[in-house]
Number of protein chains: 2
Amino acid sequence: MPSTFEKLASTLRHVRSGGPLFSSGDPFGSLYGVHGGFFKTSTVDGDGRWQVTGFFMAGDLLGLDGIGSGRYQLTATALEDSVVAVMPYPLVETLSRESPDLQRELHAALSREIAREHGVMLLLGSMHAEQRLATFLLNLSLRFRRRGYSPSDFQLRMTRADIGSYLGMTLETVSRLFSRLQHEGIVEIRQRHVRLIDADRLRAISEPA
Amino acid sequence: MPSTFEKLASTLRHVRSGGPLFSSGDPFGSLYGVHGGFFKTSTVDGDGRWQVTGFFMAGDLLGLDGIGSGRYQLTATALEDSVVAVMPYPLVETLSRESPDLQRELHAALSREIAREHGVMLLLGSMHAEQRLATFLLNLSLRFRRRGYSPSDFQLRMTRADIGSYLGMTLETVSRLFSRLQHEGIVEIRQRHVRLIDADRLRAISEPA
DNA sequence: CGGGCGATTGACTTTCGTCAACGCGTGTGG
DNA sequence: CCACACGCGTTGACGAAAGTCAATCGCCCG
């Protein structure tokens, strides 16, 4: 997480597992820096279609989508008991006018979120189910590594349905693919516990034919 | 387009049809406001996978994805002879520190781009090919309407392959679906000229089962 | 200890991708 | 000025990938 942001954290807020940090349509007020725990974000459109749009862990920033319209566009749900730093947006605005560094960090955070979504679009639009799942696992692994956790041995906090929604496939397909990867000795999966046995082969799978 | 931005437009730049406004990897320098013409943006990832990530017309803002990393992440290609307003980013930074209005507009633009991409993710992740194409046509129609052009009678500037890439399907599927919609009397399509005959049925198609 | 959510697995169906042939227009060079 | 080539689009036949529907299982949590 951008360090300059830290100063903005006026308060901490705890969110119970399963509870919402904010919900789609709520008036926008603050950005949130995840201190600990795990979140998913999801959209709903007017026709009731919904989709998980991302997973967020310590150091990630939530709520950026609400700036434009004055309302949160997404719902952020805690997938385990979590703590966030509350950064009131008016304060962010004011301080970033005084501090070019902070300004740049905010812009960078917004821009990086855009870039992240390009990646998801690429994944959804141009990859097969197995490539998507492999990419997903590798991405999780990388993010755990960066935070000092084991990149090859971790807990999934989300359900198969969450993963499926995020990756644009059904939960059955997620389950089948997990089983397949396990049979091939590439990963070991028991419930939500994942152990990456052969990350190289996983990388190979994630690549185009 | 946000009106306050207009003041930032130091110069205009012309881009010939088929030419790049900027390319993935170029050092980031400016944001671009489309004055006239039509652009597509596309990504490439390390493995050579690529995808069209958006279409941009008069009033839209290009280049936002470059702020975070100092390099443009996308390639922006003109699909017809086009004109853009060049807004040097250092200038944007400076002025938006002096003007809360401008600051808010910039943040809003970034945030809206994030929200737009959520919509694309929803489209790619949870809709069938026919729903995607119907949604795409309706979206184009809406954007032409907002700009004072006919919402029911317009030219596509992009190829079937561009559309297919953007919508996560093959160009053959795009072509077949166009034919189907035409047979059903919902649209009339001759080459790149589109006439929406029955927007209500198109809307019905775009909705979930 | 039992209930219920989440996960797995199977059988079958559907959608869409792939491969391939052909058609239409347009611009260019002989 | 015509012919042809090339990019773009259409259409068809076929197959593969993933969705749907359904039954069953296994963990947790209460």
Side-chain angles (χ1 to χ4, degrees), chain A residues 16-18 38 40 49-52 77 79-81 123-137 155-184 187-195 205-206 208-209, chain B residues 16-18 38 40 49-52 77 79-80 123-137 155-184 187-194 205-206 208-209:
Chain A
R16 287 219 171 288
S17 180
F38 206 93
K40 70 172 175 186
R49 248 179 305 241
W50 71 287
Q51 183 172 37
V52 173
T77 309
L79 295 179
E80 63 184 20
D81 291 352
L123 179 139
L124 290 171
S126 73
M127 290 172 55
H128 285 170
E130 198 178 34
Q131 298 175 322
R132 287 182 225 169
L133 192 64
T135 304
F136 171 72
L137 287 175
Q155 288 289 129
L156 299 175
R157 266 72 180 211
M158 69 296 280
T159 66
R160 303 292 191 259
D162 287 333
I163 298 173
S165 170
Y166 178 64
L167 297 178
M169 63 186 80
T170 61
L171 66 92
E172 291 95 329
T173 300
V174 174
S175 183
R176 275 186 245 275
L177 291 175
F178 272 155
S179 300
R180 186 147 103 215
L181 292 175
Q182 177 148 11
H183 268 112
E184 290 170 348
V187 298
E188 189 191 308
I189 297 180
R190 277 224 315 275
Q191 297 298 116
R192 301 207 178 169
H193 183 259
V194 176
R195 176 192 296 261
I205 286 172
S206 77
Chain B
R16 287 219 171 289
S17 180
F38 207 93
K40 70 172 174 185
R49 249 180 301 242
W50 71 287
Q51 183 173 38
V52 172
T77 309
L79 294 178
E80 63 184 18
L123 178 140
L124 289 171
S126 74
M127 291 173 53
H128 285 169
E130 198 179 32
Q131 299 175 320
R132 286 181 224 170
L133 192 64
T135 303
F136 171 72
L137 287 175
Q155 289 287 131
L156 299 174
R157 265 73 179 212
M158 69 295 279
T159 66
R160 303 293 193 258
D162 287 333
I163 298 173
S165 171
Y166 178 64
L167 297 177
M169 64 186 80
T170 60
L171 64 92
E172 290 95 328
T173 300
V174 174
S175 183
R176 275 186 246 276
L177 291 174
F178 272 154
S179 300
R180 186 146 103 215
L181 292 175
Q182 177 149 10
H183 268 112
E184 290 169 349
V187 298
E188 189 191 309
I189 298 180
R190 277 223 315 276
Q191 298 296 117
R192 300 206 179 169
H193 182 259
V194 176
I205 286 173
S206 78

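These values consider heavy atoms only, across backbone and side chains, with no hydrogens, waters or symmetry-generated copies. Numbered from 1 within each chain, the chains take letters A, B, ... in sequence-line order.
- Atoms NE2 (A:His128) and P (D:dA17) sit 8 Å apart, rounded to a whole Å.
- In terms of phosphate contacts, B:Thr159 brings no side-chain nitrogen or oxygen within less than 4.0 Å of OP1 or OP2 of D:dC8.
- Here the C1' atom of nucleotide D:dT10 and the NE2 atom of B:His183 are 11 Å apart, to the nearest Å.
- Counting to the nearest Å, the P atom of C:dT8 and the CZ atom of A:Arg180 are 14 Å from each other.
- The residue among A:Thr170 and A:Gln191 whose nearest nucleotide of DNA chain D lies closer to the 5′ end is A:Thr170.
- Look at B:Thr173 and you'll find a side-chain N or O under 4.0 angstrom from OP1 or OP2 of C:dG17.
- Residue B:Gly168 is in sugar-phosphate contact alone, with no base atom involved, counting any heavy-atom pair closer than 4.0 Å across all strands shown.
- One interatomic measurement links the two molecules: CG of B:Leu177 to P of D:dT10, which rounds to 11 Å at whole-angstrom precision.
- We find that CZ of A:Arg160 is positioned 19 Å from P of D:dT20, with the value rounded to whole Å.
- In this structure, A:Arg190 does not reach the D:dG26 phosphate: none of its side-chain N or O atoms is under 4.0 Å from OP1 or OP2.
- Taking both residues in full, the closest heavy atoms of B:Leu124 and B:Gly168 are given as CD2-N, 3.7 Å, listed atom of the first, atom of the second, then distance.
- OP1 and OP2 of D:dT10 both lie 4.0 Å or more from every side-chain N or O belonging to B:Ser179.
- Among A:Thr173, A:Val194, A:Leu137, the single residue meeting the side chain to side chain contact (heavy atoms under 4.5 Å, CB included) criterion with A:Phe178 is A:Leu137.
- Atom pair A:Leu171:CG and C:dT9:C1' shows a separation of 12 Å (rounding to whole Å applied).
- Toward the 5′ end of DNA chain C lies the nearest nucleotide of A:Met158, the other residue of the pair A:Met158 and B:Met169 mapping further downstream.
- Of the inter-residue distances, the one linking B:Arg157 atom CZ with B:Asp162 atom CG reads 13.5 Å to the nearest 0.5 angstrom.
- Between B:Arg192 and D:dC8 there is no side-chain polar atom (N or O) within less than 4.0 angstrom of OP1 or OP2.
- Atom-to-atom distance recorded for B:Glu184:CD and B:Ile205:CD1 is 5.5 Å, nearest 0.5 angstrom.
- Rounding to the nearest 0.5 angstrom, the gap separating the CE atom in A:Met127 from the CG atom in A:Leu133 is 9.5 Å.
- The CZ atom of B:Arg132 sits 13 Å away from the P atom of C:dT15 (whole-angstrom rounding).
- The nucleotide whose nearest atom lies closest to any side-chain atom of B:Glu172 is, among D:dT11, D:dA18, C:dC16, D:dT11.
- Under 4.0 angstrom from either OP1 or OP2 of D:dA18 there lies no side-chain N or O belonging to A:Arg176.
- Put simply, CG on B:Leu167 is 12 Å from P on C:dC16, counting in whole angstrom units.
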